[in-house]
Protein chains: 2
Amino acid sequence: MSTRALRKEEEENLLRRADDLCRQNNLRLTPIRERVYRELVQSGGPVGAYDLVDRLSSDKKRLAPVTIYRALDFLRDAGLVHRLATQNSYVVSHGQPDVNAMKIMFVDSKTGETIEVHSTEVAEAVRKAAEQAGFKSVSPFMEVEGELSR
Amino acid sequence: MSTRALRKEEEENLLRRADDLCRQNNLRLTPIRERVYRELVQSGGPVGAYDLVDRLSSDKKRLAPVTIYRALDFLRDAGLVHRLATQNSYVVSHGQPDVNAMKIMFVDSKTGETIEVHSTEVAEAVRKAAEQAGFKSVSPFMEVEGELSR
DNA sequence: GCCGCTAAGTAATAACATTACGTAAAACGA
DNA sequence: TCGTTTTACGTAATGTTATTACTTAGCGGC
Ligand SMILES: [Zn+2]
Ligand SMILES: [Zn+2]
Ligand SMILES: [Zn+2]
Ligand SMILES: [Zn+2]
């Protein structure tokens with residue numbers, strides 16, 4: 001099976017999982033929301049909001065920024081998408097939400113490429129540090145910039 | 001001694017350390033740069049760039065945004081100030097740069113208040129996770145949102 | 001059919017950040 | 001010391017990201 005086919009299959013998996021998640025939580029994955037999510041899935045990496053505006057607009061129909069931001073807000077609230085604050089961009093969240101793990105988005109400083117890793121070790125270490133800082137709870141998401149090996 | 005006096009003393013310490021650091025590295029802590037740094041120190045928390053524009057402008061003399069951004073860039077390059085990407089704001093970096101520690105900025109989701117903690121444990125755990133992700137090096141700074149205890 | 005609710009359309013604006021170019025002073029080498 | 005180079009800052013315009021306010025449309029219960 002080709003890489004392309006694998007990739008396609010992975011895309012379908014993500015879309016299906018999103019559908020399921022929304023159904024189970026009584027959330028409405030409307031056409032616009034699904035198109036935004038699909039675009040993020042297909043891009044395979046972070047995409048800016050205004051890029052999404054362009055990509056999802058046709059000659060006939062130009063979407064407004066606020067439409068995209070609303071869809072992104074929905075997808076983020078659902079846990080399907082992360083915002084990368086350092087990049088002003090948005091990226092699909094992979095992996096099933098493991099409550100005990102820290103979801104770390106490593107962002108390549110050069111290319112903007114991201115890789116998501118879940119780590120209970122980091123979660124535990126951060127939890128301890130948070131306690132020191134007087135924080136009772138912390139977000140399970142973080143973003144770390146770095147350099148990719150190759 | 002009053003809390004206010006302690007605070008004032010701490011401010012003076014930071015300013016002095018900044019002066020020293022710049023002298024030792026042949027960096028020029030010009031009046032504008034020092035005013036920006038001082039304002040951040042005195043505020044005791046994160047401040048937005050346009051807030052700094054307002055606070056450092058007088059009726060006579062209005063500073064341009066780019067002036068502030070240039071000063072911030074200098075201070076960040078010098079390691080004196082961090083940018084909080086999730087908040088679009090800037091905050092003084094405390095503590096002497098410990099190369100082996102991760103500098104974690106905990107940001108209170110409600111108030112925006114920040115507390116900086118240095119942790120070698122987190123640094124080590126993140127380093128391991130980075131290796132998994134195929135990253136050879138990572139930034140020693142991270143930002144984590146959470147909720148302050150009180 | 002009306003009501004209440006949610007999503008999306010539309011327009012304007014706010015908030016954040018950078019580019020481009022000119023001037024002046026500081027630093028540096030001869 | 002003089003001319004050259006570099007750095008900092010002023011000024012103006014522009015670019016980029018995100019939100020507010022209000023309206024319209026669709027859907028479901030009653
Ligand atoms: Zn679907
Ligand atoms: Zn939301
Ligand atoms: Zn000084
Ligand atoms: Zn810089």
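Quick note on labels: first sequence line is chain A, next is B, and so on, each numbered from 1. These values consider heavy atoms only, across backbone and side chains, with no hydrogens, waters or symmetry-generated copies.
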Practice task
Starting from C1' on dT17(D), measure out to CG on Leu52(A) and report it in whole angstrom.
Solution key: 13 Å

Problem - Integer-rounded Å distance: dT7(D) C1' and Leu27(B) CG - result: 13 Å

Practice task
Find the distance Arg62(B):CZ to dA12(D):C1' and express it as a whole number of Å.
Solution key: 15 Å

Exercise for the section: Tell me, please, which residues at least two apart from Tyr37(A) pass ring-ring contact (aromatic ring centres under 6.0 Å, His included). Expected result: none

Completion exercise
Considering only heavy side-chain atoms of Arg33(A), the closest of dA7(C), dG9(C), dA17(C) is dA7(C)

Exercise for the section: For dT11(D), take OP1 and OP2 only and decide whether either is under 4.0 Å from a side-chain N or O of Lys61(B). Expected result: yes

Practice task
Determine, for Glu10(B) against Arg7(B), whether the closest basic-nitrogen to carboxylate-oxygen distance falls under 4.0 angstrom.
Solution key: no

Handout entry: Lys60(B) NZ to dG10(D) P, straight-line distance once rounded to whole Å
Key = 17 Å

Handout entry: Distance, rounded to the nearest Å, where Asn26(B) contributes CG and dA26(C) contributes C1'
Key = 13 Å

Handout entry: Sub-4.5 Å side-chain heavy-atom contact between Phe74(B) and Leu29(B)
Key = yes

Problem - Carboxylate-amine/guanidinium proximity below 4.0 Å for Lys110(A) and Glu147(A) - result: yes

Handout entry: Residues Lys128(A) and Glu131(A) bridged, charged N to O under 4.0 Å
Key = no

Practice task
Using atom CZ of Arg35(B) as one end and atom P of dA8(D) as the other, report the distance to the nearest whole Å.
Solution key: 17 Å

Polar atoms only, N or O, under 3.5 Å: list the protein pairs with nucleotides 27-30 of chain D and their distances.
none

Practice task
Report yes if at least one side-chain N or O of Asn88(B) is closer than 4.0 Å to OP1 or OP2 of dA17(C); otherwise report no.
Solution key: yes

Practice task
Could you check if a side-chain atom of His82(A) sits within less than 4.5 angstrom of a side-chain atom of Glu116(A), using non-hydrogen atoms only?
Solution key: yes

Practice task
For residues Ile32(A) and Leu56(A), determine if any side-chain heavy atom of one lies less than 4.5 Å from a side-chain heavy atom of the other.
Solution key: no

Practice task
Please state whether the base of dA14(C) and the side chain of Tyr50(B) form at least one donor-acceptor pair under 3.5 Å?
Solution key: no

Exercise for the section: Please lay out, stage by stage, how Gln132(A) and His118(B) fare under the test side chain to side chain contact (heavy atoms under 4.5 Å, CB included). Expected result: CA-CA 10 Å; Gln132(A) 256 185 266; His118(B) 294 194; over 6 Å; no

Handout entry: Trace of the side chain to side chain contact (heavy atoms under 4.5 Å, CB included) decision for Arg83(A) with Asn88(A)
Key = CA-CA 7 Å; Arg83(A) 171 170 138 83; Asn88(A) 289 329; 3.8 Å; yes

Handout entry: d(CG, Leu63(A); P, dA11(C)) in whole Å
Key = 14 Å

Practice task
Classify the nucleic acid contact of Arg83(B) as base, sugar-phosphate or nothing, counting any heavy atom under 4.0 Å across all strands shown.
Solution key: sugar-phosphate

Handout entry: Closest to side chain of Thr30(A), choosing from dT11(D), dA7(C), dT10(C)
Key = dA7(C)

Handout entry: Atom-to-atom span, CG of Leu56(A) to P of dG9(C) - whole angstrom
Key = 12 Å

Exercise for the section: Identify, residue by residue, the members of residues 65-75 of chain A with a heavy atom below 4.0 Å from DNA chain C, and return them in order of residue number, or none. Expected result: Val66(A), Thr67(A), Arg70(A)

